[in-house]
Trainee: 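Please find one structure pasted underneath; my questions will follow.
Residue numbering restarts at 1 for every chain, and letters A, B, ... go by the order of the sequence lines. The structure presented is a predicted model; accordingly, all values stated were derived computationally and were not measured.
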2 protein chains.
Amino acid sequence: MNLPTPEKPWILERGDSLDFMRSLPDSCIDAVITDPPYCSGGTSSADRAKTTTQKYVQSGVKVVRPDFAGDNRDQRSWLVWCDIWMREALRVAKPGAPICVFTDWRQLPSTTDAIQVSGWIWRGIAVWDKTEGARPQRGRFRNQAEYIVWGSSGQMAARDEIGVLPGVFRHYLRQADKHHITGKPTEVMRGLVQICPAGGVILDPFAGSGTTGAAALAEGRRFVGVEREQTYFDIATARLKAAW
Amino acid sequence: MNLPTPEKPWILERGDSLDFMRSLPDSCIDAVITDPPYCSGGTSSADRAKTTTQKYVQSGVKVVRPDFAGDNRDQRSWLVWCDIWMREALRVAKPGAPICVFTDWRQLPSTTDAIQVSGWIWRGIAVWDKTEGARPQRGRFRNQAEYIVWGSSGQMAARDEIGVLPGVFRHYLRQADKHHITGKPTEVMRGLVQICPAGGVILDPFAGSGTTGAAALAEGRRFVGVEREQTYFDIATARLKAAW
DNA sequence: CCCTTCTATGAATCGTGCT
DNA sequence: CAGCACGATTCATAGAAGG
């Protein structure tokens, strides 16, 4: 059985998320917390509005492109792909279990669609205020936030042992805490994993550098993660061993 | 001509937004900043049919604020309605003019749809972090943010005279600053109106208690507003006179 | 002026029971 | 069984009041 035990409260698997989730039984996961590839690179409405010259000039610029796989779907197929993995995540989640999915502003509407189409109940949006953001531009609002679309598998029973969780996480991401191109601050993840009851099992199908897992262990939750890239798998393994 | 002048930099009209906008010429507005009815209360049509006080004010409160109209559309007709007024706003907006539309988490995806369907270019999401005050619920993330979906009429020219604007407005709404059931803090609106060049004309088709207008005047912008409810029209008129 | 105590408040939600 | 109407409920925090 690919599930963590009290003796070893974490599992990290290298491979495909969908294959791995399909190996899990029904209703064995207490919370799903993940940061899937956003695929929002060049398909935004603002980009589409640019002239081809502008687009090519833009592409000539040194843009930080995520260097991981699966980040090149267009919006429709991204939605379909999300539907597939979220549906499988729903199957392995216990009734009432929460799901938290990171997204950026461009993919936010598609993410809320995906979560609902796949059968989860959409319950809200939490905000990660990065306090500073991508390249500041004069005359525009700074894009300094990412979003956590969250919901639940069916009705959420009363969970009195869990306190009130903040709706905005305000935290700067230090370079030293950034182990992945799209890494999240450990403090933010430690806040997020509180949505899972203490001792529960958190699944992250796109584990990346393992921040979710490190935070889960730090907060007394168990962890199941999958990562496809060997490099990030190694980093995550090291961090999880250290956290444990 | 229903436009403000240097002598009297604001106009407030009582009546229907659409009728009023139709009376305006093309390309006369420098920015559209507004807070339309969200129509998001309740899951059933019956819930939406409740008065705004029933929906948004929990029992046992002491302060009574007037209801407002137009908050009982279902999601599809809300989208169609937004398309109509946003399309008209686009016509009266100058090329490159920005639009900012308040929304809550439930209507955020529909708002980004509406803004794009009506022909505006969607450029981002700004966040109003209410910091606290939202209803706390155990085991859930607090819904403590509202969102400002923003975009522009076509390409935005370089606007070097405007600085970088924040992407998250973090401000508590004091009772004393709340003149409408859904009122926004004056400080947040003062930040938002900076998206309009100094001296420019800001249009708010759903003026409510006139916070947008008061902030516009305080920041050296001109203002055109429409409000349908007599009670709020009177409050807004008084506030605009005071701000001027 | 600082600290403690108290009170008002919130752009709902959940469960139940009826139709 | 599905949908809807209805009623009970929630608690952290800001700000005021009091010491």
Trainee: Rounded to the nearest angstrom, tell me the gap between atom CZ in R140(B) and atom P in dT9(D).
Mentor: 17 Å
Trainee: What base-paired stems does DNA chain C take part in, with at least 3 consecutive Watson-Crick or G-U wobble pairs and both distances under 3.5 Å?
Mentor: C:2-10 with D:11-19, C:12-19 with D:2-9
Trainee: Hey, could you give me each pair passing side-chain hydrogen bond (donor to acceptor under 3.5 Å, both in side chains) that has a residue in residues 193-202 of chain A? Not counting sequence neighbours.
Mentor: Q194(A)-E219(A)
Trainee: W244(B) vs W10(B) aromatic rings, parallel, tilted or perpendicular, using cut-offs 30° and 60°?
Mentor: perpendicular
Trainee: What is the distance, rounded to the nearest whole Å, between atom CE of M156(A) and atom P of dT10(D)?
Mentor: 17 Å
Trainee: Does K184(B) make a cation-pi contact with F102(B) (under 6.0 Å, within 45 degrees of the axis)?
Mentor: yes
Trainee: Could R73(B) and W81(B) be counted as a cation-pi pair, given that NZ or CZ must be under 6.0 Å from the ring centre and within 45° of the axis?
Mentor: yes
Trainee: With sequence neighbours excluded, tell me which residues meet side chain to side chain donor-acceptor pair (under 3.5 Å) with R87(A).
Mentor: D83(A)
Trainee: Would you give the length of the straight line joining atom CG of D30(B) to atom CG of L203(B), rounded to the nearest 0.5 angstrom?
Mentor: 10.5 Å
Trainee: Counting only heavy atoms and a strict 4.0 angstrom limit, can you tell me which residues of residues 177-185 of chain B come near DNA chain C?
Mentor: K178(B), T182(B), K184(B)
Trainee: Between R174(B) and dA14(D), is there a side-chain N or O to OP1/OP2 distance below 4.0 Å?
Mentor: no
Trainee: For T103(A), what residues pass the side chain to side chain contact (heavy atoms under 4.5 Å, CB included) criterion, not counting sequence neighbours?
Mentor: Q107(A), L108(A), T111(A), Y147(A), V149(A)
Trainee: Under the rule for side chain to side chain contact (heavy atoms under 4.5 Å, CB included), what residues qualify as partners of A69(B), not counting sequence neighbours?
Mentor: R228(B), E229(B)
Trainee: Whole-Å distance between dA12(D) C1' and R142(B) CZ?
Mentor: 5 Å
Trainee: Give a yes/no verdict on base stacking between dG10(C) and Y56(B): centres under 5.5 Å, planes within less than 30° of parallel.
Mentor: no
Trainee: With P as the reference atom in both, quote the distance from dA11(C) to dG7(D) in angstrom, rounded to an integer.
Mentor: 23 Å
